[in-house]
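Each remark here refers to the structure printed beneath this line.
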Amino acid sequence: MKKYYKCFIDTIGMYSASDRLGCFDEKKNQLNKKYTDIFLNVLSLICYVPDYQKNRVELSYIKRDKILSLTSDEICNNYGKACKGIDRACFFLQVRCGIRKIQEINYNLMLVLLGYILSNDSFYENENIINILEAWYWCSIFSGRYDKDQSENIIEDINHVLSIIKNPEDKNWIQDMKKKCVSYAGLF
C-alpha cells in the first residue's frame, strides 16, 4: 500500500484519505460521529496492545470504561498513530474496496480492525498483509459476518489477523471465511 500511497502523493501532492471519505463534516465544522467512535476504539487498542500480540486484544478495550481509563500521556503519545492508522485504512478502503464515503462502510468496526492493523508501519508496508486484509474485508461483507455480534466478531477477527501476521503459514481461518463466503453465494 505504501507504494500506491507514495505514488499518489507524488502525483497530486498532500492527501488525506480520511478527509476524502468525509470524516470531517465541513458544514458542521466537526468530526463525523462515526470517525470519532472509530478513532477512540483504535486509540484504545493501540494503548492497551501496543505490541500487536495475537490473542491479547479483548472486547473490553473498545468499551467505554477502558477508553475513559486512558491516561492523558497514553492519549498524547498515541493519538497521531491512531490518526495515521485510520487514514491508511481509509486509503485502503478507497483503493482496494471502492469506498468513497465513510457512510458507505457497512460496519464501522471493520474500520477499527483496519485502522489498528495499519497503524503499524511494518504491517502497512507488507503487501501480503494488505492482501490478507482485502480477503478478510470481502469475505466478511459477502458472508454476513457482521450481521450480528459485531463487537465480539471484530475482536475475534483482529486476533485472527494478528495470528496470521505472526504465522503466515496459518491461513486456515481466512480459508474457512472464503468457503463460507462462496457457500453463502449459492455456489456450493
Side-chain angles (χ1 to χ4, degrees), residues 1-53 57 61-62 66-67 70 72-138 140-141 146 150-151 154-155 157-159 161-162 164-165:
M1 282 300 291
K2 183 179 178 182
K3 67 181 177 184
Y4 298 120
Y5 189 73
K6 182 174 176 358
C7 179
F8 198 79
I9 296 299
D10 290 345
T11 304
I12 69 158
M14 212 43 213
Y15 181 77
S16 169
S18 300
D19 189 42
R20 284 287 238 206
L21 233 57
C23 295
F24 183 77
D25 187 337
E26 290 187 29
K27 291 179 184 173
K28 293 181 181 178
N29 197 31
Q30 66 186 24
L31 291 172
N32 182 302
K33 170 137 177 46
K34 282 185 174 189
Y35 180 86
T36 304
D37 293 341
I38 291 162
F39 168 77
L40 291 172
N41 288 332
V42 171
L43 176 66
S44 185
L45 290 174
I46 290 169
C47 290
Y48 287 110
V49 192
D51 55 359
Y52 303 88
Q53 288 299 309
V57 177
Y61 297 157
I62 60 170
K66 286 288 194 179
I67 292 170
L70 294 173
S72 59
D73 283 344
E74 287 173 318
I75 294 167
C76 289
N77 292 335
N78 293 294
Y79 80 90
K81 189 172 187 176
C83 289
K84 184 180 2 177
I86 296 168
D87 196 61
R88 288 171 171 177
C90 289
F91 187 75
F92 169 87
L93 288 170
Q94 290 171 337
V95 171
R96 302 286 287 250
C97 306
I99 301 292
R100 296 166 304 200
K101 293 289 178 192
I102 195 168
Q103 289 80 8
E104 295 175 5
I105 299 169
N106 294 333
Y107 308 105
N108 296 340
L109 289 175
M110 294 180 91
L111 195 48
V112 172
L113 180 147
L114 293 168
Y116 175 63
I117 298 296
L118 296 175
S119 67
N120 180 306
D121 292 336
S122 64
F123 296 170
Y124 178 68
E125 295 171 6
N126 185 319
E127 192 66 28
N128 290 329
I129 293 171
I130 299 301
N131 291 337
I132 289 166
L133 292 175
E134 185 175 6
W136 162 81
Y137 175 83
W138 290 114
S140 296
I141 292 293
Y146 293 99
Q150 291 180 26
S151 297
I154 202 65
I155 297 304
D157 287 359
I158 291 170
N159 283 312
V161 169
L162 290 172
I164 290 173
I165 289 170

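Computed from a predicted model, the values in this text were never measured in an experiment. Residue numbers start at 1 and run along the sequence shown.
Side-chain contact between I117 and I165 is present, with at least one heavy-atom pair separated by less than 4.5 Å. In this structure, I102 and Y35 have side chains that are in contact, with non-hydrogen atoms separated by less than 4.5 Å. Between L118 and F91, the closest side-chain pair of non-hydrogen atoms is not below 4.5 Å. The shortest distance between side-chain heavy atoms of N108 and D37 does not fall below 4.5 Å. You'll find the side chain of I154 reaches within 4.5 Å of the side chain of I62, heavy atoms only. Within the 4.5 Å cutoff, side-chain heavy atoms of Y137 are placed close to those of L93. Proximity of M110 to I141: side-chain heavy atoms (C-beta onward) are separated by under 4.5 Å at one or more points. Taking the side chain as every heavy atom from C-beta outward, L113 and Y107 never approach each other to under 4.5 Å.
Considering every non-hydrogen atom in both L133 and V161, the closest pair reads CD2-CG1, 4.0 Å. Nearest heavy-atom pair across Q53 and N159 is O-OD1, 4.5 Å. In terms of heavy atoms, A89 sits closest to G115 at CB-N, 3.6 Å. Heavy atoms only, all atoms of each residue included: I158 and L45 are closest at CD1-CD1, 3.8 Å. Contact detail for Y116 and V49: the closest heavy-atom pair is OH-O, 2.7 Å. The shortest non-hydrogen separation linking V42 to L111 is CG2-O, 4.5 Å.
Between the side chains of R96 and N131, at least one donor N or O sits under 3.5 Å from an acceptor N or O.
In terms of the side chain to side chain contact (heavy atoms under 4.5 Å, CB included) criterion, residue partners of N29 (sequence neighbours excluded) are, by chain and number, F24. Residues forming a salt bridge (charged side-chain N to carboxylate O under 4.0 Å, His left out) with E74 (at least two apart in sequence, or on another chain): none.
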Stepwise side chain to side chain contact (heavy atoms under 4.5 Å, CB included) test for D157 and Y146 | CA-CA 11 Å; D157 287 359; Y146 293 99; 2.3 Å; yes
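If you run side-chain contact (heavy atoms from CB on, under 4.5 Å) between L70 and each of I46, L40, I75, only I75 comes through.
For N126 (side chain) and S122 (main-chain N/O), no donor-acceptor pair under 3.5 Å exists by modelled atom type. The closest donor-acceptor contact from the side chain of S44 to the backbone of Y61 lies under 3.5 Å. With hydrogens and angles ignored, the 3.5 Å screen pairs a side-chain donor or acceptor of Y48 with a backbone N or O of K66.
Between K81 and D121, no side-chain nitrogen of the basic residue sits less than 4.0 Å from a carboxylate oxygen of the acidic one, so the salt-bridge criterion is not met.
Ring centroid separation for the pair F39 and Y79 does not come in under the 6.0 Å cut-off.
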